[in-house]
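Beneath this line is the structure, given in structure tokens, with notes to follow.
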Amino acid sequence: MQRPNFIVILIDDLRYDEFGAGGHPYLKTPHIDRIAHEGALFERAFHTTPICSPNRASIMTGQYATRHGIIDNVARDAMSHRLANYHLELQRLGYETAHIGKWHMGNDGKPRPGYDRWVSFDGHGRLDDPTLNIDGAYEKKSGYITDLLNDLAVQFIEKPRAKPFALFFAHKAVHPDAVQAADGTLQVNGYRPAERHKDLYKGCVFPKYPNMLSPAQVVKQKPAWADAFELKKSDKSKALLESLHAGNEEEIRLRAAMMASVDEGVGRIFAALERKKQLDDTVLIFLGDNGYFFGEHGLGPERRFAYEAGIRSPFVVRFPPLIKKNSRIKDLIICQDIAPTLIELAGGRPGPQVQGKSLTALFKGKKQPWRKSFLVEYWAEQALPWLVGMSYKAVRTDRYKLVHWVNRGRAGELDELYDLERDRWELKNLITSKKHASVRADLKREMRRLLGDATAI
């Protein structure tokens, strides 16, 4: 098998079910769905620090945030110029590499090591008429950012070359217009689809899930949230939430409409690869950088938390030489698995600093030992004014999830334990259940092991 090209398409804040093949009730994404139908949909793919900067660094390095050091959305510019990014290894292996789109590890959009082609922007960028950094020089552009990035991605794919390429294509969508200061504090200006799509899903309704509950109902099983829900009532918090239409159908519709231009771009990528006769020689990966809440557990933009809608990722892969059509893979995978997979397919060997596992055996459908658990970690930060002291560590296994609030409570009485086999909506907190004492003890031991492995050399 010749060395394939790689295209990783990363969407900002996209939920696991926020595309057609993922189960969205009205959002139409035929081109993204094509990746799943002609490849594999990973039904249990996860983020391990489910916010923007840390998780992007985990994708790039194949490491937990504990190891790579980008633990929040504070402007860690210098550190983000020194990440052990897998594109550095791909360059050494003879690949032409490109980053096109959002970087947001540090607020500057200047080129990072590892790329032959660089297009990005400062911070979160702007939805309309953005200023892009193109190979080191800032240029003001006219138009809608998703369309502009789609143009640049297709231009890179169609460029004549004599070597394989690796494109990391990171959309600003479906993130709203926002400005994030160096200390992580956030000002949000709301969602805005392309003008041609603004009324695309007018009148559509997202179904109400059993865990879409009021704060008063939530704290009965999740007492750690009592203080945050009180702070959420402040004028400052309400203003931010209102700018997003948080908690109502308009937010969900606007996000769906923003995805229309993303899907058009995926269609253009398919067409460009077909024109180049390289479609089946290219690994196409589509995922999000963290989850999002549509009212589950009384939450909205607090996508940082370890409930399923926060940590699950859309994850579809197309590569016919290894993946059968319409494959559905249920193994637990994490975003750190991308880096070692691509390095292996490029003919290299992931270094010992990489903590993810290559997915190539899963692509082939081979039975082999696989992870039974993974760590989720979050360090409290100040982007949302009602989230104070909410640091946690969590462990998720095939069946159970334990969430430990690291600086809350005295003896773990605020912690949470869920049996996901019997309680998929995470409604019944079993932390005080005598029947689950041994499960709780096993999960605590597993969390300690995972924490040790995350930092070990």
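A donor-acceptor pair under 3.5 Å links the side-chain atoms of Asp122 to the main chain of Gly109, judged by distance alone. The backbone N or O of Ile70 lies less than 3.5 Å from a partner atom in the side chain of His68, making a donor-acceptor pair. Checked by atom type and distance alone, the side chain of Asp289 pairs as donor or acceptor with a backbone atom of Asp13 at under 3.5 Å. At distances below 3.5 Å, at least one donor-acceptor pair connects side-chain atoms of Gln355 with backbone N or O atoms of Tyr64. Judged purely by atom type and a 3.5 angstrom limit, Lys222 has no side-chain atom pairing as donor or acceptor with the backbone of Ala226. Lys428 places no side-chain N or O within 3.5 Å of a backbone atom of Arg422 that could act as its donor or acceptor partner.
Asn73 and Ser53 form a side-chain donor-acceptor contact under 3.5 Å, judged by distance and modelled atom types alone. A donor-acceptor pair shorter than 3.5 Å can be found between the side chains of Glu416 and Tyr307. Remark: the His197 side chain and the Glu264 side chain contain an N/O donor-acceptor pair separated by less than 3.5 Å.
In this view, Pro207 and Pro25, Tyr209 satisfy the side chain to side chain contact (heavy atoms under 4.5 Å, CB included) rule, not counting sequence neighbours. Not counting sequence neighbours, the partners of Thr66 by the side chain to side chain contact (heavy atoms under 4.5 Å, CB included) test are Glu377, Trp379, Lys393, Ala454, Thr455. For the side chain to side chain contact (heavy atoms under 4.5 Å, CB included) test, residues two or more places apart in sequence or in another chain that qualify with His24 are Glu18, Tyr26, Leu27, Phe206, Ile252. The side chain to side chain contact (heavy atoms under 4.5 Å, CB included) check on Asp33 picks up Phe19, Ala21, Thr29, His37, with sequence neighbours excluded.
In this structure, His87 has its ring center no closer than 6.0 Å to that of His99.
Tested against Asp398 for a salt bridge (Lys or Arg N to Asp or Glu O under 4.0 Å), the candidates Arg371, Arg44, Lys330 yield a single pass: Arg44.
Classification of the Phe46-Phe374 ring pair by plane angle, with boundaries at 30° and 60°, yields tilted.
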Assess the residue pair Glu308 and Arg396 against the criterion (salt bridge (Lys or Arg N to Asp or Glu O under 4.0 Å)); give the C-alpha distance rounded to whole Å, side-chain angles, the decisive distance to 0.1 Å, and a yes or no.
CA-CA 10 Å; Glu308 292 292 277; Arg396 208 268 198 204; 2.8 Å; yes

Show me, pair by pair, the donor-acceptor contacts under 3.5 angstrom made by side chains of residues 235-245, not counting sequence neighbours?
| from | atom 1 | to | atom 2 | distance (Å) |
| --- | --- | --- | --- | --- |
| Ser237 | OG | Leu231 | O | 3.0 |
| Ser237 | OG | Ser234 | OG | 3.0 |
| Ser243 | OG | Leu240 | O | 2.6 |

Give every donor-acceptor pair under 3.5 Å between a side-chain atom in residues 440-448 and any protein atom, sequence neighbours left out.
| from | atom 1 | to | atom 2 | distance (Å) |
| --- | --- | --- | --- | --- |
| Arg440 | NE | Ile431 | O | 3.3 |
| Arg440 | NH1 | Leu430 | O | 3.4 |
| Arg440 | NH1 | Ile431 | O | 2.9 |
| Arg440 | NH1 | Ser433 | O | 3.1 |
| Arg440 | NH2 | Ser433 | O | 3.4 |
| Asp442 | OD1 | Arg445 | NH2 | 2.3 |
| Glu446 | OE1 | Arg449 | NE | 3.1 |
| Glu446 | OE2 | Ser373 | OG | 2.5 |
| Glu446 | OE2 | Arg449 | NE | 3.4 |
| Glu446 | OE2 | Arg449 | NH2 | 2.6 |

